[in-house]
Amino acid sequence: MSLTQAERELVLEIVRRHETQPTRLVQILREVQDHLRCIPGEAMAMLANELKVPCTQVQGVAEFYSFLSLEPQGRYHVLISDSISDQMLGSRELASTLSANLGVEIGKTRADGRVSLGFTSCTGLCDQGPAGLVNGCWLPRLDAARLDRIASLIEAETPLDEWPEEFFSVDDNIHKTGLLLDNPVSPGAALA
């Protein structure tokens with residue numbers, strides 16, 4: 001994919017906004033993908049040049065994270081968790097249902113570019129599974145009825161900020177804080 005001049009300028013603006021800091025590479029890549037729907041080779045080369053890191057480092061990071069892609073993703077990029085706890089809760093069957101409802105193969109982008117569907121290794125929501133992500137936003141407690149509504153919203157091209165708030169509501173499930181989360185030892189006391 002060859003970048004237009006406007007897209008090249010956008011990539012440079014994203015780098016500048018992050019103060020040309022290589023430590024911000026993941027966030028820079030996320031923003032590039034948000035705008036371009038993928039991370040093209042030309043953009044990776046530009047990032048490597050601007051951040052003064054090897055191109056292989058940029059490519060390695062882009063290929064490592066499942067939420068980043070070198071291939072164009074849909075305007076709605078849906079990832080379903082494939083962690084063992086989510087599998088036990090039926091995530092694979094739900095992904096198959098969503099695939100059929102949207103007419104897109106798992107791991108692919110639909111021909112019209114509206115939606116892509118895939119798996120991710122983890123969403124960090126094992127306690128609220130099966131879970132997923134849409135354009136990087138959490139989707140906890142997925143079930144067939146919720147996925148039917150999500151498919152309808154995607155087909156209607158409803159912007160995410162107009163989706164029902166409960167689709168993105170993550171519960172705070174910490175019931176017993178314990179020693180690590182409610183530490184009675186003040187910082188530095190162990191050294192004293």
Side-chain angles (χ1 to χ4, degrees), residues 1-83 91 95 98-125 131-139 142 147 150-163 167-168:
M1 171 178 169
S2 184
L3 298 181
T4 66
Q5 185 58 35
E7 290 170 333
R8 284 187 204 94
E9 290 172 14
L10 174 72
V11 170
L12 293 174
E13 174 54 33
I14 291 170
V15 171
R16 279 188 222 108
R17 231 177 318 138
H18 288 278
E19 301 170 352
T20 318
Q21 293 294 316
T23 56
R24 297 182 184 176
L25 178 58
V26 172
Q27 185 58 35
I28 291 168
L29 288 169
R30 283 188 64 150
E31 288 185 34
V32 168
Q33 180 169 287
D34 286 347
H35 292 284
L36 304 179
R37 293 184 27 224
C38 68
I39 303 164
E42 186 178 346
M44 285 191 286
M46 288 178 66
L47 293 175
N49 184 56
E50 293 298 314
L51 298 173
K52 308 221 179 326
V53 298
C55 196
T56 53
Q57 180 178 340
V58 177
Q59 183 174 353
V61 171
E63 290 176 345
F64 179 79
Y65 292 101
S66 62
F67 54 84
L68 298 174
S69 178
L70 306 183
E71 299 298 320
Q73 298 300 309
R75 292 183 298 281
Y76 296 89
H77 182 49
V78 181
L79 294 171
I80 304 295
S81 175
D82 200 32
S83 72
S91 66
L98 187 58
S99 170
N101 288 351
L102 290 170
V104 61
E105 286 182 59
I106 296 172
K108 303 280 184 186
T109 299
R110 200 165 75 180
D112 65 3
R114 181 176 300 165
V115 63
S116 52
L117 177 62
F119 285 111
T120 183
S121 58
C122 182
T123 59
L125 295 173
L133 301 167
V134 59
N135 295 357
C137 298
W138 282 319
L139 293 170
L142 294 174
L147 287 179
I150 287 170
S152 296
L153 292 165
I154 289 172
E155 291 299 357
E157 296 197 60
T158 306
L160 287 184
D161 59 1
E162 294 177 21
W163 286 25
F167 281 11
F168 306 106

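Computed over heavy atoms, backbone and side chain alike; hydrogens, waters and symmetry mates excluded. Since the structure is predicted, the reported quantities are computational estimates derived from the model, not experimental observations.
Formation of a donor-acceptor pair under 3.5 Å by the Tyr76 side chain with backbone atoms of Thr158 is found in this model. Between the side chain of Asn135 and the backbone N or O of His77, at least one donor-acceptor pair lies under 3.5 Å.
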Applying side chain to side chain contact (heavy atoms under 4.5 Å, CB included), run through Val61 and Leu29 and close with a yes or a no.
CA-CA 9 Å; Val61 171; Leu29 288 169; 3.6 Å; yes
Could you give me the CA-CA distance, side-chain angles and deciding distance for Phe167 and Leu153, then say whether side chain to side chain contact (heavy atoms under 4.5 Å, CB included) is met?
CA-CA 12 Å; Phe167 281 11; Leu153 292 165; 3.7 Å; yes
Could you go through the side chain to side chain contact (heavy atoms under 4.5 Å, CB included) check for Val78 and Ile154 one step at a time?
CA-CA 10 Å; Val78 181; Ile154 289 172; 3.9 Å; yes
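Residues Leu51 and Thr20 meet the side-chain proximity criterion, which asks for heavy atoms closer than 4.5 Å. Looking only at side-chain heavy atoms (C-beta outward), Ile106 and Leu98 stay at 4.5 Å or farther from each other. Between Leu117 and Ile80, the closest side-chain pair of non-hydrogen atoms falls below 4.5 Å. Between Leu133 and Trp138 the shortest side-chain heavy-atom distance falls below 4.5 Å.
Shown here for Ser69 and Glu71, the closest heavy-atom pair between the two residues is OG-O, 2.8 Å. Annotation for Gly132 and Leu142: closest pair N-CD1, 3.7 Å, computed over non-hydrogen atoms. Scanning all heavy atoms of the two residues, the minimum distance from Leu3 to Ala43 falls at CD1-N, 3.9 Å.
For Ser83, the side chain to side chain contact (heavy atoms under 4.5 Å, CB included) test picks out Ser81, Ser85, Asp86, Cys126, with sequence neighbours left out. For Thr109, the side chain to side chain donor-acceptor pair (under 3.5 Å) criterion is met by no residue, not counting sequence neighbours. Residues passing the side chain to side chain contact (heavy atoms under 4.5 Å, CB included) test with Thr4, sequence neighbours excluded: Ala6, Glu7. With sequence neighbours left out, Gln33 forms a side chain to side chain donor-acceptor pair (under 3.5 Å) with no residue at all. Residues satisfying the side chain to side chain donor-acceptor pair (under 3.5 Å) test with Asp34, not counting sequence neighbours, are none. Legend: residues meeting side chain to side chain contact (heavy atoms under 4.5 Å, CB included) with Glu31, ordered by chain and number and at least two apart, are Ile14, Arg17, His18, Gln27. Scanning for side chain to side chain donor-acceptor pair (under 3.5 Å) contacts around Glu162 gives an empty result, with sequence neighbours left out. Leu12 is linked by a side chain to side chain contact (heavy atoms under 4.5 Å, CB included) to Arg16, Met46, Glu50, counting only residues two or more places apart in sequence or in another chain.
The line from CG of Leu36 to CD of Gln73 is 12.5 Å long, rounded to the nearest 0.5 Å. Taken from CG in Leu79 to OG in Ser116, the straight-line distance is 7.0 Å, to the nearest 0.5 Å. For the atom pair Leu47 CG and Glu42 CD, the distance stands at 11.0 Å (nearest 0.5 Å). Atoms CG and CG, from Leu147 and Asn101 in turn, are 8.0 Å apart once rounded to the nearest 0.5 Å.
Applying the 6.0 Å contact sphere to CH2 of Trp163 captures more than 12 heavy atoms from other residues, nucleotides or ligands. The 12-atom threshold is not exceeded at OH of Tyr65, counting heavy atoms of other residues, nucleotides or ligands nearer than 6.0 Å.
The salt bridge (Lys or Arg N to Asp or Glu O under 4.0 Å) pairs that include a residue from residues 99-116 are Arg110-Asp112, Arg110-Glu155, Arg114-Glu155, Arg114-Glu157, where partners are two or more places apart or lie in different chains.
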